[in-house]
Amino acid sequence: MASQTVLVTGAAGFLGSHLCDALLAEGRSVIGVDNFSTGSQANIDHLTSESRFRFIEHDITKPFDAGKVDFIFNMASPASPVDYSRLGVETLMVGSAGTINTLDLARKYNAGHLHASTSECYGDPEVHPQVESYWGHVNPIGPRSVYDEAKRFSEAAVMAYHRYYGVNTHLVRIFNTYGPRLQPNDGRVISNFMIQALRGEPLTIYGDGSQTRSFCYVSDLIEGILRLSRSDEHLPVNLGNPNEWTIIECANEVKTVTGSRSEIRFMPLPQDDPTRRRPDISKAKALLKWEPKIVLRQGLEKSLDYFKASMVEV
Ligand code: NAD
Ligand code: UDP
(Lines give C-alpha, C1' and ligand atoms only; values in the text may rest on other atoms or scores of the structure.)
(Ligands and ions follow the chains in the order given, each with its own letter.)
Protein backbone atom coordinates (compact mmCIF):
# COMPACT_ATOMS: atom_id res chain seq x y z
CA MET A 1 0.00 0.00 0.00
CA ALA A 2 2.69 2.51 1.03
CA SER A 3 4.61 2.02 -2.24
CA GLN A 4 1.56 2.97 -4.28
CA THR A 5 1.90 5.58 -7.00
CA VAL A 6 -0.99 7.99 -6.96
CA LEU A 7 -2.04 10.57 -9.55
CA VAL A 8 -3.65 13.79 -8.28
CA THR A 9 -5.22 16.14 -10.83
CA GLY A 10 -5.69 19.71 -9.66
CA ALA A 11 -2.58 19.20 -7.51
CA ALA A 12 -1.70 22.92 -7.41
CA GLY A 13 -5.14 23.83 -6.10
CA PHE A 14 -6.37 24.30 -2.55
CA LEU A 15 -7.63 20.77 -1.88
CA GLY A 16 -5.32 19.01 -4.35
CA SER A 17 -2.18 20.37 -2.70
CA HIS A 18 -3.33 19.33 0.79
CA LEU A 19 -4.19 15.89 -0.58
CA CYS A 20 -0.69 15.57 -2.07
CA ASP A 21 0.80 16.42 1.34
CA ALA A 22 -1.35 13.80 3.07
CA LEU A 23 -0.53 11.09 0.51
CA LEU A 24 3.20 11.83 0.69
CA ALA A 25 3.02 11.71 4.50
CA GLU A 26 1.54 8.19 4.16
CA GLY A 27 4.57 7.15 2.13
CA ARG A 28 3.08 7.15 -1.37
CA SER A 29 4.67 8.44 -4.53
CA VAL A 30 2.58 11.21 -6.02
CA ILE A 31 2.31 12.53 -9.56
CA GLY A 32 0.60 15.93 -9.54
CA VAL A 33 -1.03 17.34 -12.67
CA ASP A 34 -2.35 20.88 -13.04
CA ASN A 35 -2.65 23.60 -15.68
CA PHE A 36 -2.56 26.43 -13.09
CA SER A 37 -5.90 27.82 -14.30
CA THR A 38 -7.01 28.53 -10.73
CA GLY A 39 -4.22 26.92 -8.69
CA SER A 40 -0.76 28.28 -8.03
CA GLN A 41 2.86 27.19 -7.97
CA ALA A 42 3.06 28.58 -4.44
CA ASN A 43 0.74 25.79 -3.23
CA ILE A 44 3.27 23.13 -4.26
CA ASP A 45 6.56 25.04 -3.85
CA HIS A 46 7.27 23.15 -0.65
CA LEU A 47 7.22 19.86 -2.61
CA THR A 48 9.95 20.70 -5.12
CA SER A 49 12.63 18.91 -3.09
CA GLU A 50 10.40 15.92 -2.31
CA SER A 51 11.79 12.95 -4.27
CA ARG A 52 8.45 11.08 -4.24
CA PHE A 53 6.62 14.01 -5.87
CA ARG A 54 6.62 14.64 -9.60
CA PHE A 55 4.70 17.51 -11.20
CA ILE A 56 3.38 17.68 -14.74
CA GLU A 57 1.91 20.92 -16.08
CA HIS A 58 -0.95 19.75 -18.27
CA ASP A 59 -4.57 20.53 -19.15
CA ILE A 60 -6.43 17.29 -18.39
CA THR A 61 -9.06 17.95 -21.05
CA LYS A 62 -6.28 16.80 -23.43
CA PRO A 63 -5.46 13.08 -23.15
CA PHE A 64 -2.36 12.29 -21.09
CA ASP A 65 -0.53 9.34 -19.64
CA ALA A 66 2.02 9.73 -16.88
CA GLY A 67 2.71 5.97 -16.72
CA LYS A 68 1.29 3.28 -14.48
CA VAL A 69 -0.52 4.49 -11.40
CA ASP A 70 -2.41 2.62 -8.68
CA PHE A 71 -4.95 5.30 -7.80
CA ILE A 72 -6.27 8.56 -9.28
CA PHE A 73 -7.75 11.46 -7.34
CA ASN A 74 -9.53 13.72 -9.83
CA MET A 75 -9.62 17.12 -8.13
CA ALA A 76 -9.15 19.37 -11.19
CA SER A 77 -11.87 21.96 -11.82
CA PRO A 78 -12.38 25.63 -11.11
CA ALA A 79 -14.37 25.59 -7.88
CA SER A 80 -15.25 29.11 -6.78
CA PRO A 81 -18.30 30.77 -8.36
CA VAL A 82 -16.10 33.69 -9.45
CA ASP A 83 -13.61 31.34 -11.13
CA TYR A 84 -16.12 29.11 -12.89
CA SER A 85 -18.12 32.08 -14.12
CA ARG A 86 -14.92 33.48 -15.66
CA LEU A 87 -13.92 30.04 -17.01
CA GLY A 88 -17.35 28.76 -18.07
CA VAL A 89 -16.46 26.61 -21.08
CA GLU A 90 -13.20 25.43 -19.47
CA THR A 91 -15.25 24.28 -16.47
CA LEU A 92 -17.64 22.32 -18.68
CA MET A 93 -14.68 20.76 -20.47
CA VAL A 94 -12.75 19.71 -17.39
CA GLY A 95 -15.88 18.15 -15.88
CA SER A 96 -16.58 16.20 -19.07
CA ALA A 97 -13.54 15.48 -21.28
CA GLY A 98 -11.20 15.89 -18.30
CA THR A 99 -13.06 13.42 -16.14
CA ILE A 100 -13.33 10.90 -19.00
CA ASN A 101 -9.56 11.15 -19.57
CA THR A 102 -8.88 10.27 -15.93
CA LEU A 103 -11.37 7.40 -16.06
CA ASP A 104 -9.66 6.03 -19.19
CA LEU A 105 -6.37 6.05 -17.31
CA ALA A 106 -7.96 4.25 -14.34
CA ARG A 107 -9.37 1.64 -16.71
CA LYS A 108 -6.06 1.19 -18.53
CA TYR A 109 -4.03 0.68 -15.36
CA ASN A 110 -6.72 -1.06 -13.32
CA ALA A 111 -6.33 1.82 -10.86
CA GLY A 112 -8.78 3.07 -8.27
CA HIS A 113 -10.47 6.40 -9.02
CA LEU A 114 -11.97 9.04 -6.74
CA HIS A 115 -13.78 12.01 -8.23
CA ALA A 116 -14.28 15.29 -6.38
CA SER A 117 -17.96 16.05 -6.83
CA THR A 118 -19.87 18.73 -5.00
CA SER A 119 -22.89 19.74 -2.96
CA GLU A 120 -23.77 21.87 -6.02
CA CYS A 121 -25.18 18.65 -7.49
CA TYR A 122 -28.12 19.37 -5.16
CA GLY A 123 -28.52 22.90 -6.62
CA ASP A 124 -30.79 25.12 -4.53
CA PRO A 125 -32.01 22.18 -2.43
CA GLU A 126 -35.62 21.53 -1.49
CA VAL A 127 -34.54 18.75 0.87
CA HIS A 128 -32.70 19.86 4.00
CA PRO A 129 -30.23 18.69 5.16
CA GLN A 130 -29.07 17.14 1.91
CA VAL A 131 -28.94 13.34 1.77
CA GLU A 132 -27.14 11.43 -0.97
CA SER A 133 -30.41 9.96 -2.27
CA TYR A 134 -31.74 13.46 -3.14
CA TRP A 135 -31.53 14.14 -6.90
CA GLY A 136 -31.26 17.88 -6.55
CA HIS A 137 -32.83 21.08 -7.82
CA VAL A 138 -30.45 22.47 -10.43
CA ASN A 139 -31.02 25.19 -13.03
CA PRO A 140 -29.49 23.60 -16.16
CA ILE A 141 -29.07 26.91 -18.02
CA GLY A 142 -28.35 29.44 -15.26
CA PRO A 143 -24.99 31.05 -14.45
CA ARG A 144 -23.97 28.20 -12.13
CA SER A 145 -24.89 25.53 -14.70
CA VAL A 146 -21.39 25.38 -16.23
CA TYR A 147 -20.20 24.02 -12.90
CA ASP A 148 -23.25 22.13 -11.64
CA GLU A 149 -23.99 20.28 -14.86
CA ALA A 150 -20.33 19.49 -15.51
CA LYS A 151 -20.16 17.93 -12.05
CA ARG A 152 -23.41 16.03 -12.66
CA PHE A 153 -22.06 14.76 -16.00
CA SER A 154 -18.89 13.68 -14.18
CA GLU A 155 -20.95 11.69 -11.69
CA ALA A 156 -22.78 9.95 -14.56
CA ALA A 157 -19.45 9.20 -16.29
CA VAL A 158 -17.92 7.82 -13.10
CA MET A 159 -20.93 5.56 -12.50
CA ALA A 160 -20.83 4.39 -16.14
CA TYR A 161 -17.14 3.45 -15.95
CA HIS A 162 -17.94 1.53 -12.78
CA ARG A 163 -21.04 -0.22 -14.19
CA TYR A 164 -19.85 -0.96 -17.73
CA TYR A 165 -16.10 -1.39 -17.21
CA GLY A 166 -15.86 -2.43 -13.57
CA VAL A 167 -13.56 0.45 -12.61
CA ASN A 168 -13.14 0.82 -8.83
CA THR A 169 -14.62 4.31 -8.58
CA HIS A 170 -15.58 6.59 -5.68
CA LEU A 171 -17.62 9.78 -5.61
CA VAL A 172 -17.31 12.39 -2.89
CA ARG A 173 -19.82 15.24 -2.71
CA ILE A 174 -17.78 17.94 -1.02
CA PHE A 175 -19.50 20.72 0.93
CA ASN A 176 -17.90 24.17 1.44
CA THR A 177 -14.35 23.61 2.64
CA TYR A 178 -11.83 26.25 3.70
CA GLY A 179 -8.34 26.67 5.09
CA PRO A 180 -4.82 27.76 4.16
CA ARG A 181 -4.06 27.82 0.41
CA LEU A 182 -7.50 29.02 -0.63
CA GLN A 183 -6.63 31.58 -3.29
CA PRO A 184 -7.07 34.91 -1.46
CA ASN A 185 -8.76 36.48 -4.49
CA ASP A 186 -10.99 33.58 -5.58
CA GLY A 187 -14.12 35.32 -4.34
CA ARG A 188 -15.28 32.54 -2.01
CA VAL A 189 -16.88 33.74 1.15
CA ILE A 190 -14.15 32.75 3.62
CA SER A 191 -11.34 34.18 1.46
CA ASN A 192 -13.25 37.42 0.89
CA PHE A 193 -14.25 37.90 4.53
CA MET A 194 -10.80 37.07 5.93
CA ILE A 195 -8.98 39.44 3.58
CA GLN A 196 -11.59 42.20 4.00
CA ALA A 197 -11.54 41.86 7.79
CA LEU A 198 -7.74 41.92 7.97
CA ARG A 199 -7.65 45.04 5.82
CA GLY A 200 -10.37 46.76 7.81
CA GLU A 201 -12.53 46.99 4.67
CA PRO A 202 -16.29 46.32 4.75
CA LEU A 203 -17.31 42.67 4.64
CA THR A 204 -19.41 42.19 1.51
CA ILE A 205 -22.57 40.22 2.25
CA TYR A 206 -24.56 39.19 -0.82
CA GLY A 207 -28.33 39.41 -0.32
CA ASP A 208 -29.56 39.77 3.26
CA GLY A 209 -27.05 37.21 4.56
CA SER A 210 -29.73 34.79 5.74
CA GLN A 211 -28.59 32.12 3.28
CA THR A 212 -26.70 29.29 4.96
CA ARG A 213 -23.56 27.25 4.35
CA SER A 214 -21.82 24.58 6.43
CA PHE A 215 -18.05 25.04 6.58
CA CYS A 216 -15.57 22.19 6.84
CA TYR A 217 -11.89 22.68 7.72
CA VAL A 218 -9.53 21.25 5.12
CA SER A 219 -7.76 18.62 7.28
CA ASP A 220 -11.12 17.08 8.25
CA LEU A 221 -12.15 16.85 4.61
CA ILE A 222 -8.85 15.31 3.46
CA GLU A 223 -9.13 12.63 6.15
CA GLY A 224 -12.62 11.77 4.89
CA ILE A 225 -11.44 11.62 1.28
CA LEU A 226 -8.61 9.23 2.18
CA ARG A 227 -11.00 6.98 4.08
CA LEU A 228 -13.46 6.94 1.18
CA SER A 229 -10.65 6.05 -1.26
CA ARG A 230 -9.94 2.90 0.77
CA SER A 231 -13.60 1.88 1.05
CA ASP A 232 -15.69 -0.35 -1.21
CA GLU A 233 -18.35 2.33 -1.67
CA HIS A 234 -19.10 3.34 -5.27
CA LEU A 235 -22.16 5.53 -4.75
CA PRO A 236 -21.81 9.22 -3.74
CA VAL A 237 -20.86 10.09 -0.17
CA ASN A 238 -21.36 13.55 1.36
CA LEU A 239 -18.34 14.97 3.18
CA GLY A 240 -18.63 18.25 5.01
CA ASN A 241 -19.26 19.79 8.40
CA PRO A 242 -22.94 19.64 9.40
CA ASN A 243 -22.75 22.83 11.52
CA GLU A 244 -24.83 25.31 9.54
CA TRP A 245 -24.17 29.07 9.57
CA THR A 246 -25.98 32.01 8.06
CA ILE A 247 -23.62 34.20 6.07
CA ILE A 248 -24.12 36.99 8.61
CA GLU A 249 -23.08 34.65 11.43
CA CYS A 250 -20.07 33.64 9.36
CA ALA A 251 -19.10 37.30 8.89
CA ASN A 252 -19.30 37.88 12.65
CA GLU A 253 -17.19 34.81 13.34
CA VAL A 254 -14.50 36.12 10.96
CA LYS A 255 -14.62 39.52 12.68
CA THR A 256 -14.13 37.87 16.08
CA VAL A 257 -11.20 35.74 14.95
CA THR A 258 -9.44 38.59 13.16
CA GLY A 259 -10.29 41.20 15.82
CA SER A 260 -11.56 43.39 13.00
CA ARG A 261 -13.90 46.36 13.34
CA SER A 262 -14.93 46.19 9.67
CA GLU A 263 -18.45 47.21 8.77
CA ILE A 264 -20.90 45.04 6.85
CA ARG A 265 -21.82 46.07 3.29
CA PHE A 266 -24.89 44.45 1.73
CA MET A 267 -24.64 43.76 -2.00
CA PRO A 268 -26.91 42.11 -4.59
CA LEU A 269 -27.40 38.35 -4.30
CA PRO A 270 -26.03 36.51 -7.36
CA GLN A 271 -28.64 34.64 -9.43
CA ASP A 272 -29.39 31.06 -8.29
CA ASP A 273 -27.29 31.42 -5.11
CA PRO A 274 -28.50 28.44 -3.01
CA THR A 275 -30.57 29.56 -0.02
CA ARG A 276 -29.34 26.81 2.30
CA ARG A 277 -26.82 24.05 2.38
CA ARG A 278 -26.02 21.46 5.02
CA PRO A 279 -24.76 17.93 4.57
CA ASP A 280 -26.42 14.91 6.13
CA ILE A 281 -23.27 12.94 6.96
CA SER A 282 -24.94 9.83 8.40
CA LYS A 283 -23.59 7.75 5.53
CA ALA A 284 -19.99 8.90 6.00
CA LYS A 285 -20.26 8.37 9.76
CA ALA A 286 -21.50 4.80 9.38
CA LEU A 287 -19.37 3.80 6.41
CA LEU A 288 -16.09 5.57 7.09
CA LYS A 289 -16.29 6.12 10.86
CA TRP A 290 -15.64 9.75 9.97
CA GLU A 291 -16.90 13.07 11.21
CA PRO A 292 -15.30 16.53 11.27
CA LYS A 293 -13.54 17.61 14.45
CA ILE A 294 -12.71 21.26 13.84
CA VAL A 295 -15.34 23.90 14.50
CA LEU A 296 -15.48 27.12 12.45
CA ARG A 297 -13.83 29.32 15.10
CA GLN A 298 -10.84 26.94 15.36
CA GLY A 299 -10.52 26.52 11.60
CA LEU A 300 -10.53 30.27 11.03
CA GLU A 301 -7.86 30.66 13.71
CA LYS A 302 -5.75 28.00 11.99
CA SER A 303 -6.14 29.90 8.69
CA LEU A 304 -5.32 33.33 10.07
CA ASP A 305 -1.55 33.33 9.50
CA TYR A 306 -2.00 32.17 5.93
CA PHE A 307 -4.44 34.96 5.08
CA LYS A 308 -2.26 37.54 6.84
CA ALA A 309 0.71 36.44 4.72
CA SER A 310 -1.25 36.27 1.46
CA MET A 311 -2.92 39.64 2.06
CA VAL A 312 0.20 41.51 1.06
CA GLU A 313 0.19 39.78 -2.34
CA VAL A 314 -3.45 40.50 -3.28
P1 NAD B 1 -9.00 25.11 -6.70
O2 NAD B 1 -9.46 26.06 -7.76
O3 NAD B 1 -8.10 25.65 -5.63
O4 NAD B 1 -8.28 23.85 -7.33
C5 NAD B 1 -8.62 23.30 -8.57
C6 NAD B 1 -7.33 22.99 -9.32
O7 NAD B 1 -7.67 22.39 -10.58
C8 NAD B 1 -6.52 24.25 -9.65
O9 NAD B 1 -5.17 24.08 -9.25
C10 NAD B 1 -6.64 24.38 -11.16
O11 NAD B 1 -5.53 25.02 -11.76
C12 NAD B 1 -6.80 22.93 -11.58
N13 NAD B 1 -7.43 22.76 -12.89
C14 NAD B 1 -8.59 23.33 -13.33
N15 NAD B 1 -8.84 22.96 -14.60
C16 NAD B 1 -7.81 22.13 -14.97
C17 NAD B 1 -7.49 21.41 -16.16
N18 NAD B 1 -8.27 21.47 -17.24
N19 NAD B 1 -6.38 20.65 -16.17
C20 NAD B 1 -5.57 20.58 -15.08
N21 NAD B 1 -5.82 21.22 -13.92
C22 NAD B 1 -6.93 21.98 -13.87
O23 NAD B 1 -10.31 24.48 -6.05
P24 NAD B 1 -10.48 23.49 -4.81
O25 NAD B 1 -11.33 24.16 -3.81
O26 NAD B 1 -9.18 22.93 -4.40
O27 NAD B 1 -11.37 22.34 -5.47
C28 NAD B 1 -10.81 21.09 -5.83
C29 NAD B 1 -11.92 20.17 -6.30
O30 NAD B 1 -12.87 19.97 -5.25
C31 NAD B 1 -12.72 20.74 -7.48
O32 NAD B 1 -13.03 19.68 -8.36
C33 NAD B 1 -13.97 21.28 -6.84
O34 NAD B 1 -15.06 21.29 -7.72
C35 NAD B 1 -14.16 20.32 -5.68
N36 NAD B 1 -14.94 20.94 -4.59
C37 NAD B 1 -14.37 21.85 -3.75
C38 NAD B 1 -15.12 22.43 -2.75
C39 NAD B 1 -14.54 23.41 -1.75
O40 NAD B 1 -15.27 23.91 -0.90
N41 NAD B 1 -13.26 23.72 -1.76
C42 NAD B 1 -16.48 22.11 -2.62
C43 NAD B 1 -17.04 21.22 -3.52
C44 NAD B 1 -16.25 20.62 -4.49
N1 UDP C 1 -20.93 35.41 -0.25
C2 UDP C 1 -21.09 36.65 0.36
N3 UDP C 1 -20.05 37.55 0.26
C4 UDP C 1 -18.90 37.28 -0.41
C5 UDP C 1 -18.75 36.01 -1.02
C6 UDP C 1 -19.79 35.11 -0.93
O7 UDP C 1 -22.11 36.95 0.98
O8 UDP C 1 -18.02 38.15 -0.44
C9 UDP C 1 -22.02 34.43 -0.11
C10 UDP C 1 -22.51 33.85 -1.42
O11 UDP C 1 -23.51 34.68 -2.00
C12 UDP C 1 -23.04 32.51 -0.97
C13 UDP C 1 -22.11 32.13 0.20
O14 UDP C 1 -21.52 33.35 0.63
O15 UDP C 1 -24.34 32.64 -0.48
C16 UDP C 1 -21.02 31.14 -0.18
O17 UDP C 1 -20.39 31.62 -1.34
P18 UDP C 1 -19.10 30.96 -1.97
O19 UDP C 1 -18.74 31.78 -3.18
O20 UDP C 1 -18.04 30.77 -0.95
O21 UDP C 1 -19.52 29.49 -2.43
P22 UDP C 1 -20.90 28.75 -2.81
O23 UDP C 1 -21.27 27.99 -1.59
O24 UDP C 1 -21.94 29.76 -3.20
O25 UDP C 1 -20.51 27.89 -3.96
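Note that ligands are numbered from 1 as they come in the structure, with each ligand's atoms numbered from 1 the same way. Numbers for residues simply follow the sequence, beginning at 1.
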Task: Nearest neighbour in protein (non-hydrogen) for atom 3 (O) of ligand 1 - done: Phe14 N, 2.9 Å
- [ ] Please confirm whether Gln183 comes under 4.0 Å of ligand 1, counting heavy atoms of the residue only.
- [x] no
Task: Proximal atoms of ligand 1 relative to Val94 (non-hydrogen, under 4.0 Å) - done: 15 (N), 16 (C), 17 (C), 18 (N)
TODO: Number the atoms of ligand 2 from 1 as they appear, then name those within less than 4.0 Å of a heavy atom of Ile247, with their elements.
DONE: 7 (O), 13 (C), 14 (O)
Task: Within-cut-off N or O pair, Arg277 and ligand 2, under 3.5 Å - done: yes
Task: Which atom of Thr61 lies closest to which atom of Asn101, heavy atoms considered - done: O-ND2, 3.1 Å
- [ ] Nearest heavy atom to atom 38 (C) of ligand 1 wins, so pick from Ile44, Asn43, Ile174.
- [x] Ile174
Task: Contact atoms of ligand 1, heavy-atom distance to Asp59 under 4.0 Å - done: 17 (C), 18 (N), 19 (N)
Open item on the list: Just to confirm my output: which protein heavy-atom neighbour is closest to atom 4 (O) of ligand 1, and how far is it?
Closed with: Gly13 CA, 3.4 Å
Task: Closest to atom 15 (N) of ligand 1 among Ser37, Cys216, Gly240 (heavy-atom distance) - done: Ser37
- [ ] Could you say whether the N/O atoms of Asn176 and ligand 1 ever approach to under 3.5 Å?
- [x] no
Open item on the list: Can you check which of Arg188, Glu90, Met75, Arg181 brings a heavy atom nearest to atom 31 (C) of ligand 1?
Closed with: Met75
Open item on the list: Does any N or O of ligand 2 fall below 3.5 Å from an N or O anywhere on Arg213, backbone included?
Closed with: yes
Task: Numbered atoms of ligand 1 (with element) below 4.0 Å of Phe36, judged on heavy atoms - done: 11 (O)
- [ ] Take the angle between the ring planes of His115 and His113 and call it parallel below 30°, perpendicular above 60°, tilted in between.
- [x] parallel
Task: Option whose closest heavy atom lies nearest to atom 17 (O) of ligand 2, chosen from Thr204, Val189, Thr118, Ile205 - done: Val189
Task: Side chain, backbone, both or neither: Gln211 near ligand 2, heavy atoms under 4.0 Å - done: side chain
Task: Salt-bridge contact Glu120-Arg144 (side-chain N to carboxylate O under 4.0 Å) - done: yes
Open item on the list: Please confirm whether Met93 approaches ligand 1 to less than 4.0 Å, judged on its heavy atoms.
Closed with: no
Open item on the list: Under 4.0 Å from a heavy atom of Ala76: which atoms of ligand 1 are those, numbered in the order shown and with their elements?
Closed with: 7 (O), 13 (N), 21 (N), 22 (C)
- [ ] Go through ligand 2 atom by atom and flag the ones less than 4.0 Å from a non-hydrogen atom of Asp273.
- [x] 10 (C), 11 (O), 12 (C), 15 (O)
- [ ] Could you list the atoms of ligand 1 found under 4.0 angstrom from a heavy atom of Ala12?
- [x] 9 (O)
Task: Best match, Ile190, Asn35, Val172: closest heavy atom to atom 17 (C) of ligand 1 - done: Asn35
- [ ] Between Ser117, Ala79, Gly179, flag the one that comes closest to atom 44 (C) of ligand 1 by a heavy atom.
- [x] Ser117
- [ ] Please state whether the rings of Phe55 and Phe36 are parallel, tilted or perpendicular, taking 30° and 60° as the class boundaries.
- [x] tilted
Open item on the list: Students often mix this up, so state it plainly: with edges at 30° and 60°, are the rings of Tyr122 and Tyr134 parallel, tilted or perpendicular?
Closed with: parallel
- [ ] Name the option, out of Val8, Thr38, Asp186, that contains the heavy atom nearest to atom 2 (O) of ligand 1.
- [x] Thr38
Open item on the list: Just to check, does Pro81 reach to within less than 4.0 Å of ligand 2 when the distance is taken from its heavy atoms?
Closed with: yes
- [ ] Work out whether the distance between some heavy atom of Gly98 and some atom of ligand 1 is less than 4.0 Å.
- [x] no
TODO: Look at atom 36 (N) of ligand 1 and find which of Phe215, Phe175, Tyr147 reaches it with the closest heavy atom.
DONE: Tyr147
TODO: With heavy atoms only and a cut-off of under 4.0 Å, state how Arg144 meets ligand 2: side chain, backbone, both or neither.
DONE: side chain
- [ ] Take atom NZ of Lys68 as the centre, draw a 6.0 Å sphere, and report whether it contains more than 12 heavy atoms from other residues, nucleotides or ligands.
- [x] yes
- [ ] Give the numbers and elements of all ligand 2 atoms closer than 4.0 Å to a heavy atom of Arg188.
- [x] 19 (O), 20 (O)
- [ ] Have a look at ligand 2 and work out which part of Asn176, if any, has a heavy atom under 4.0 Å from it: side chain, backbone, both or neither.
- [x] side chain
Open item on the list: For ligand 1, which is the ligand I care about here, please tell me if Lys151 has any N or O atom under 3.5 Å from one of the ligand's N or O atoms.
Closed with: yes
Task: Heavy atom of Thr9, distance to ligand 1 below 4.0 Å - done: no
- [ ] Could you list which atoms of ligand 1 come closer than 4.0 Å to a heavy atom of Gly10?
- [x] 6 (C), 7 (O), 12 (C)
Task: Where ligand 1 meets His58 - atom numbers and elements under 4.0 angstrom, heavy-atom basis - done: 19 (N), 20 (C)
Task: ligand 1 to Gly39 polar contact by distance, N or O atoms, under 3.5 Å - done: yes
Task: Identity and distance of the protein heavy atom lying nearest atom 5 (C) of ligand 2 - done: Tyr206 CE1, 3.3 Å
Task: atom 26 (O) of ligand 1 [closest protein heavy-atom partner, distance rounded to 0.1 Å] - done: Leu15 N, 2.8 Å
Open item on the list: Check this for me: His137, atom NE2, are more than 12 non-hydrogen atoms of other residues, nucleotides or ligands nearer than 6.0 Å?
Closed with: no
Task: For Asn192, the ligand 2 atoms whose distance to one of its heavy atoms is below 4.0 Å - done: 4 (C), 5 (C), 8 (O)
TODO: Evaluate the ring planes of His58 and Phe64, with Trp represented by its six-membered ring, and classify them as parallel (under 30°), tilted (30 to 60°) or perpendicular (over 60°).
DONE: tilted
